[in-house]
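The structure appears right after this line, and notes come after that.
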Amino acid sequence: MSSLLRTAFTTILIMLFSFYTEAATLKISTATSIANTGLLNHILPKFTQQTGIKVDYTVVGSGAALKMGRQGKVDVLLVHAPAAEERYMLEGYGNRREFIMFNYFVLVGPKDLINSKDLLTSLQGIAKNELLFFSRGDNSGTHKKEQSLWESIKTDPVGELWYIETGLGMAATLKAANTEQGYILTDRGTWISTRDQLKLKIVYENDSQLLNPYSAIIVRSLKQNIQTKLANKFVNWLLSDKGQNLIATFRVKQQIPFIPKRDQLP
Amino acid sequence: MRIRNEIIIILVLFFGVLTISHYLFIKDMESNSTSRVYHHSLNHEKLLKTINLSTFHQAQLTSWKNILLIGHTTSNYKLYLSRFYHNERLLRTTVHDLIKDKSNSEAIQNLLIELKKNIKVSAKKQRKGLREFYETTSTATDIAEQFTKDEAILTSTIEKIRRLVAQQQISLLNQVNEDISTQLNFSFKTMLTIFLIASILLWLLIHWRIVNPMEKAIKVVSQVTRGDINQRMQVIGSLEIVKYASAFNDMLQKIETQNNQLEKVTYQLAHAEKLAALGSLVAGVAHELNTPLGIVLTASSSLGDATKKLQANFLDNKLTKTTFEEETNHLLECSVIIEKNIHRASKLINNFKGIAVDQSSEQKRSFKLNELLEKLMTNLQPQLKKSPHVIEICGEKITIISYPGLLSQVITHLVNNSILHGFNKIEQGLITIKLSKEGGERVKITYRDNGCGMSEEVQKHIYEPFYSTSVNGIGSGLGMNIVHNIVTGVLDGDIFITSQVNEYSQIILSLPIEVNRQNEYLESIKQT
């Protein structure tokens, strides 16, 4: 009888443990650039190993990631759309927003632009000459950056023949731009990881206007059971030396795609 | 040129013109109507196909709204965005290409520009909506409603274009129909004109080159048939007609030459025959005169002897009453004989003179037919006397106006023929000459002998000059020829011969009571 009770108890314990393990899965929605470069695959196994917390991630544009946050579908967002993030936080859909790392956007294209010394002049040249320009058009961080640049030269390229929106991720859009030999704004990370396959070159880089900061946002939602604890663990880990080191040592083809927060603040 | 070649040239030209006009017509048709319809419908088909909104969604089999909703419910944002942008770009570039094409009408062009503008406007609206969607709590359904509204604007513009295109297509088809019927009408008229011209050309060719020359030739032939052998054909028309005409002319020339020669010879022979006939007449007359003159001579010498005997007796006074009576009776008898025979000679000479006068003067005059024949028989007595043959003249007494000398010649020839040929083996032949009236204006002389007759072969050749059946050289073979010439020529009559071998020969002369014709035969003789 006692053995029977022991067996039953053990079974319940195993079941409880398995429930616990099931519950310890963190859901992340991430910007394409972070996933495409391979950074997540580089750091997540280390995190799981260290904490025992499994992480499931969905690769979407920053806009879609924020939308998922609003809907309470995920626990953490890894995004790079500062203006939209601030609005998101103001509207109260986030518990915590932490700046994690950054890199710079680059303008790439088939050949140098005349007057490429200045970024805005370069973009004006593209619009004026109706050179093919590729955009992700998905409200991602890159897209939003690009939109803000267009706005600053008072141009609305939407609906123009030379302005092509793909609705795809960064790498896929770069491939499309390569196929039709158009210009495109991309984050350096994706650029580094894909440039070998492309017949494109950097037209403009290294400008403070092209700064690309990445943040982690912990979602707050009343409707869903958000795993705030796990989320905080994950964000803290990212900000810890361990996490920052992993970001700093991450290489794509001997290039540094992301600079951790601790190294430099813009 | 040969008529065959001329017709071939005209036909070749005709077919050439037809072929060229046909080629031009087809080319015209191709460049105008058919290809226009083809290009137009192709263009419109392209337009309708490319501009159809459902075509854009065809790959996804759903509208933009559905793309959005599916993307949302499956959390596959990339999928719906990429499809959405792809479709939108397809529509935009298509419309742009259509505008650039310029082959569409101005109304369609305007609608296309409107469509382009609408696409741009709705694109901007949709971007704004998307941004709202991402950055607010608005649901996918809200956005989808917005998309549907935008799509409705585009759909209505496209519908307008479609309607306009259909309308234009119908009007173009009508136009092309009209074009084709106009062209068909034109080509039909052209063909008709070409046919007409070709027919006229052929008609003219045949008329001027064949019909006209042939008509002239027929006229000439009929004139020649009527005896006007001096006529000549005009050497005109196609090569064949020209050859025919010149050959015919050569033939006429030959016939004329031979005719002239023949006439000359015939005249000479007729003249000789006439002289011969005259000679035999003279011989006959001389022979006839000889008898009464011999009797007169004998009687006058007997008269002289008797007178001498009476004179001697009277001088010797031996004249007795008996002797005187005897001698005076003898004298009276002699004088009666002399007188009688002198009368007879005188009569003979008168007859001969009559005939001679008729034959030489050859003037048309009125005479009694039976008297002429009887006189003629008297003149022919010497010939008849040698033979036992009998000539009977019977029938009506008819006065005619004609050439008595020539008629005498005719009868003389007939009698001569009867005696020489018909009665050759007959001891006593009978010739009957019957005179009768034939209607009011003609007289019929039926001459008949009961001689040996003539075979059909002889009858066939009887009028040919120098045709003779005698083997002993009597007769010239000209007699019946002269008879025929005189009767049909001068006397304006007809001659018919019927005969039965060993039975009879009958020659019927049908003569007009009054000859109207001038004595051409004689005139011609006189001239030559």
Side-chain angles (χ1 to χ4, degrees), chain A residues 27 29 32 35 58-74 79 81 83-93 130 132 134-141 143-144 147 150 156-173 176 180 221 223, chain B residues 60 64 67-68 70-100 113-143 147 150 153-154:
Chain A
K27 281 187 262 177
S29 179
T32 50
T58 313
V59 182
V60 289
S62 296
L66 290 170
K67 185 71 184 178
M68 287 172 92
R70 277 191 167 86
Q71 293 167 336
K73 282 182 177 176
V74 289
V79 291
E85 286 164 28
E86 274 161 31
R87 193 172 157 198
Y88 181 87
M89 294 306 289
L90 277 175
E91 286 172 4
Y93 289 105
E130 300 192 347
L132 278 185
F134 280 76
S135 168
R136 289 172 60 180
D138 57 354
N139 280 285
S140 66
H143 183 215
K144 282 176 185 301
Q147 279 178 323
W150 288 122
D156 184 6
V158 173
E160 300 297 337
L161 274 177
W162 53 271
Y163 188 74
I164 298 157
E165 292 151 295
T166 61
L168 298 168
M170 196 68 246
T173 310
E180 296 190 45
S221 175
K223 296 175 201 166
Chain B
Q60 283 75 35
W64 280 329
I67 292 170
L68 177 71
I70 290 166
H72 178 71
T73 44
T74 57
S75 280
N76 200 342
Y77 293 97
K78 270 188 220 162
L79 178 80
Y80 92 75
L81 266 180
S82 63
R83 280 185 185 175
F84 173 75
Y85 286 137
H86 177 79
N87 287 1
E88 195 196 77
R89 189 185 173 194
L90 197 65
L91 179 61
R92 201 163 53 201
T93 49
T94 306
V95 171
H96 180 77
D97 288 349
L98 287 172
I99 289 169
K100 229 164 54 181
I113 289 165
E114 190 191 319
L115 183 62
K116 191 186 175 185
K117 211 174 103 192
N118 284 343
I119 290 167
K120 203 167 177 176
V121 168
S122 75
K124 286 188 199 296
K125 268 190 196 167
Q126 284 164 346
R127 297 303 179 282
K128 208 174 160 189
L130 275 174
R131 202 165 165 178
E132 281 294 304
F133 170 71
Y134 282 122
E135 296 182 3
T136 65
T137 48
S138 63
T139 60
T141 323
D142 300 337
I143 299 285
F147 274 35
D150 293 340
I153 296 169
L154 301 185

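Letters go in sequence order (proteins before strands), and every chain restarts at 1.
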**Fill in**
Taken to the nearest 0.5 Å, the spacing of A:Y163 OH from B:R89 CZ works out to 12.5 Å
**Message:** Given 3.5 Å as the limit, does a donor-acceptor pair link the side chain of A:R70 with the main chain of B:E135, or not?
**Reply:** yes
**Message:** Rounded to the nearest 0.5 Å, what separates atom CG in A:L161 from atom NE2 in B:H96?
**Reply:** 5.0 Å
**Prompt:** Between A:T166 and B:S82, is any pair of side-chain heavy atoms under 4.5 Å apart?
**Reply:** no
**Asked** Does B:K124 reach the main-chain N or O of A:V158 with its side chain, forming a donor-acceptor pair under 3.5 Å?
**Response** yes
**Complete:** Interatomic distance, OG1@B:T93 vs CD1@A:I164, rounded to 0.5 Å, equals 9.5 Å
**Prompt:** Does B:E132 come within less than 4.0 Å of A:K67, counting only side-chain N to carboxylate O?
**Reply:** no
**Prompt:** What distance separates B:Y85 OH from A:T173 OG1, expressed to the nearest 0.5 Å?
**Reply:** 10.5 Å
**Request:** Measure distances from A:E165 to the heavy atoms of chain B and classify the residue's part below 4.5 Å as side chain, backbone, both or neither.
**Result:** both
**Message:** Using modelled atom types and a 3.5 Å cut-off, is there a donor and acceptor pairing between side-chain atoms of B:R127 and backbone atoms of A:G137?
**Reply:** no
**Message:** Once rounded to the nearest 0.5 Å, what's the spacing between atom OH of A:Y93 and atom OG1 of B:T136?
**Reply:** 8.0 Å
**Rounded distance [0.5 Å steps], CG in B:L81 versus CG in A:N139** = 8.0 Å
